[in-house]
Protein chains: 2
Amino acid sequence: MTVTIYDVAREAGVSMATVSRVVNNNPNVKPQTRKKVYEAIERLGYRPNAVARGLASKRTTTVGVVIPDISNAIIAEVARGIEDIANMYHYNIILCNADMRKEKEIRVINTLLEKQVDGLLFMGGLVTEDHIQAFRTSNVPVVLCATSDVEQSVPSVDIDHQLAAYDAVQALITRGHKKIALISGVLEDLTHYYQRYLGYRKALEEAGIPFREDYVRIGNGRYESGLEVMNYFMELEDRPTAILAANDEMAIGAIHTVLDHGLSVPDDISIIGIDNVRMASMVRPRLSTVAQPMYDIGAVSMRLLTKLMKKEHVEEERVILPHELIIRDSIAEA
Amino acid sequence: MTVTIYDVAREAGVSMATVSRVVNNNPNVKPQTRKKVYEAIERLGYRPNAVARGLASKRTTTVGVVIPDISNAIIAEVARGIEDIANMYHYNIILCNADMRKEKEIRVINTLLEKQVDGLLFMGGLVTEDHIQAFRTSNVPVVLCATSDVEQSVPSVDIDHQLAAYDAVQALITRGHKKIALISGVLEDLTHYYQRYLGYRKALEEAGIPFREDYVRIGNGRYESGLEVMNYFMELEDRPTAILAANDEMAIGAIHTVLDHGLSVPDDISIIGIDNVRMASMVRPRLSTVAQPMYDIGAVSMRLLTKLMKKEHVEEERVILPHELIIRDSIAEA
DNA sequence: CTGTTAGCGCCTTCAA
DNA sequence: TTGAAGGCGCTAACAG
């Protein structure tokens, strides 16, 4: 039924080894022989069995990419960066979605490891002790992509989330705002939302603006949540004049709550986000935000992983990429 | 270095066969023996090698999912449907993105086949002769998901795109609109955009509204494209009062062009889309659209694939799921 | 430049 | 209920 390397060898009148060499682009084959083999392959419609190959060579030339949340808007661009570099180095990549559930993340990591991937990229979620434990039990290199672990014991590529939030608040302060509220994500996410929270506080502090408990509310990162939290701020007696949302999706929700109240963004209230997802420029007013270099995060982390897989020397296992303030139409002078 | 089934056998004082049985949940093992084996596995930190298993059993219990475009907003929800059912039947799924490039789609299909997946799901893109050719050379079942082929020779799960567009235009006609324009996708996409185009024409025809060439323009499916095409319509002397956009993203672009011209949606111009991506309710005015049952499309196609993989009998290899008109704020009486 | 020969780690009869 | 043994399809020395 299935045609194997042995069939091709017989058809071409050579040995299995020679066919193997041809398939693997080993230069030690006479051009003429090579041609014969290719013809036989063509005639028989031979397709190499990657499973057998993986077993024999102990390398699968594939890297597993764990996506904690496939509906997250930033992953598409990051994935593109990963793939471009992976292709360049002739690695296949297989994506596995974990649906934002930690237990499933661990399961997926183990599945990938059982499949003998040559390396692992963990993309964008919260990294716990259990994750690290799962990584440790493997013999393959792991790179965290658009995230990092608190202990900083795993190679990673990310931005400085604290600084990103700091810069966003700065942009507000520069424009004369003093009543600046934060729509935060869950603070248990120590590497993303908590850092952004710290950046918010730090910017206020440096500007001599006192921190107010009632100016911070936690959302879940989704649009609806931005809608709700902003509603709370609208009801405040001493309403904020500017908002930092910990991500763009909540920022957009916040904008819409303001509009739905019949007020204007940015004339009445300024709103800034973080991430620069594609949607940020697909709303009115267009959202000002702090851009993550998503493609680069993907590309650099994949590049780092290839080095680790080849046991090449790497200067620095923890890479921080620069972010960029993008001013559009959703913020204005106080 | 790596611990194998043989090590576990020795540690537990049984044969490899017994360990294999335990790992594969074969009931023919004495509970006591099973326990011993589990303990040995635990002690040694044994992790089954899926590659070796795949080679020996000729089944990998994984299905490959080809995603033509990972940044497409509808795939996340479809993927969720696929995964839920896959988990239910104990299949792993591996996602492969093809970046909207046909040549890469074919390559990815072949890679997946080389990896010996037990089945293939092709999600949402245009299916050409070359695709079908690639499918044919494999021995595993293939299901098209959120798409179908013109010849209808491959099992598929999709909606009736023509009817969806028809219903959208109907919603406009019902509200008294007569000057209805279409922001289409490329008509070469026979299974999606061309069908939607036909639905548009059919609805007009049945209502006795003459078709106008200048009321149809082709976009590329993206937001920016909606922006541009709508700009063209705005300049028309006899401006349309209603727009059908062939997908939501272009519809949203169209809305913003109208707003940017200082006019109102829906008071001056009504706009309706197709798909019901999450973003449709994340804009102001919220977008009316025709919803695809994305989760179900994923779930049903995966279910169909499991049947095919088990060689079970299936009634109908081509499933059409119902769509639904969702009226929100972007359309009004003429 | 080419062929021979061991495995890679596991499943799966077939016997016992 | 368990063990022995023969592959699965391919790669990787090692010879020649």
Side-chain angles (χ1 to χ4, degrees), chain A residues 1-38 40-41 44-62 90 111 113-118 138-140, chain B residues 1-38 40-41 44-62 90 111 113-118 138-140:
Chain A
M1 189 71 217
T2 58
V3 17
T4 76
I5 201 173
Y6 181 74
D7 300 318
V8 176
R10 198 155 27 79
E11 175 81 11
V14 298
S15 73
M16 289 168 52
T18 300
V19 178
S20 175
R21 288 192 186 93
V22 171
V23 171
N24 292 294
N25 283 315
N26 183 319
N28 294 1
V29 180
K30 214 198 307 180
Q32 189 186 335
T33 314
R34 185 181 300 276
K35 185 153 169 293
K36 271 197 308 188
V37 172
Y38 274 133
I41 287 178
L44 268 40
Y46 168 70
R47 195 200 307 272
N49 181 328
V51 172
R53 191 188 289 211
L55 183 59
S57 70
K58 294 171 150 294
R59 302 174 343 101
T60 54
T61 62
T62 104
H90 302 292
T111 302
L113 258 17
E114 287 181 7
K115 288 191 189 307
Q116 312 299 118
V117 293
D118 295 339
S138 86
N139 309 310
V140 302
Chain B
M1 190 70 216
T2 57
V3 15
T4 75
I5 203 174
Y6 181 74
D7 301 319
V8 176
R10 200 155 27 80
E11 175 81 11
V14 299
S15 74
M16 289 167 52
T18 301
V19 178
S20 174
R21 289 192 185 94
V22 170
V23 171
N24 291 294
N25 284 315
N26 183 318
N28 292 3
V29 180
K30 213 196 311 178
Q32 189 186 335
T33 313
R34 185 181 300 277
K35 186 153 170 294
K36 272 197 308 188
V37 172
Y38 273 135
I41 287 178
L44 268 38
Y46 168 69
R47 196 199 310 270
N49 181 328
V51 171
R53 191 189 290 212
L55 182 59
S57 69
K58 294 170 148 294
R59 302 175 342 104
T60 54
T61 61
T62 103
H90 302 292
T111 302
L113 258 18
E114 287 181 7
K115 286 190 191 307
Q116 312 298 119
V117 293
D118 296 338
S138 86
N139 309 309
V140 302

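Labels below follow one simple rule: chain letters A, B, ... track the order of the sequence lines, proteins then strands, and each chain is numbered from 1.
The side chain of Val29(B) lies closest to dT2(D) when the candidates are dC11(C), dT2(D), dC10(D). Taking every side-chain heavy atom of Ser57(B) into account, dT12(C) is the closest of dT2(C), dC10(D), dT12(C). For Thr4(A), whose side chain is taken as the heavy atoms from C-beta onward, the closest listed nucleotide among dG9(D), dC10(C), dT2(D) is dG9(D).
In this structure, Asn49(A) reaches the sugar-phosphate backbone alone: every heavy-atom distance under 4.0 Å involves primed, P, OP1 or OP2 atoms, never a base.
When all heavy atoms of Val3(A) and Leu44(A) are compared, the closest pair comes out as CG1-O, 3.6 Å. Heavy atoms only, all atoms of each residue included: Arg34(B) and Asn26(B) are closest at NH2-O, 3.0 Å. The two residues Leu55(B) and Val51(A) make their nearest non-hydrogen contact at N-CG1, 3.5 Å.
Contact annotation: the side chain of Thr2(A) approaches that of Asn139(B) to within less than 4.5 Å [non-hydrogen atoms, C-beta and beyond]. For the pair Val22(B)/Tyr38(B), a side-chain contact is recorded, criterion being any heavy-atom separation below 4.5 Å from C-beta on.
Remark: the Arg21(B) side chain and the dG3(D) base include a donor-acceptor N/O pair separated by less than 3.5 Å.
The residue among Pro27(B) and Thr2(A) whose nearest nucleotide of DNA chain D is located toward the 5' end is Pro27(B).
Across residues 11-20 of chain A, Met16(A), Ala17(A), Ser20(A) each have a non-hydrogen atom less than 4.0 Å from an atom of DNA chain D (numbered order).
For dC10(D), the OP1/OP2 oxygens have a side-chain nitrogen or oxygen of Tyr46(A) closer than 4.0 Å. Between Lys58(B) and dG9(D) there is a side-chain polar atom (N or O) within less than 4.0 angstrom of OP1 or OP2. Residue Thr33(B) places at least one side-chain N or O closer than 4.0 Å to OP1 or OP2 of dT2(D).
Distance, Arg10(B) CZ to dT2(D) P: 20 Å, rounded to whole Å. Regarding Ile5(B), its CD1 atom lies at a distance of 14 Å from the C1' atom of dA4(D), rounded to whole Å. A straight line from CZ of Arg47(A) to P of dG9(D) spans 15 Å, rounded to a whole angstrom. Atoms CG (Asn28(A)) and P (dT11(D)) sit 15 Å apart, rounded to a whole Å. Between Leu55(A) atom CG and dG7(D) atom C1' the separation is 12 Å, expressed in whole Å. Going from atom CZ of Arg34(B) over to atom C1' of dT2(D) covers 13 Å, rounded to whole Å. Distance, Arg53(A) CZ to dG9(D) C1': 11 Å, rounded to whole Å. Note: NZ (Lys35(B)) to C1' (dT2(D)) measures 19 Å, nearest angstrom.
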Worksheet item: Between Ile41(A) and Val23(A), is a side-chain contact (heavy atoms from CB on, under 4.5 Å) present by the stated rule, with each step listed?
Response: CA-CA 9 Å; Ile41(A) 287 178; Val23(A) 171; 4.1 Å; yes
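Distance check: Lys115(B) NZ to Arg53(A) CZ gives 9.5 Å after rounding to the nearest 0.5 Å.
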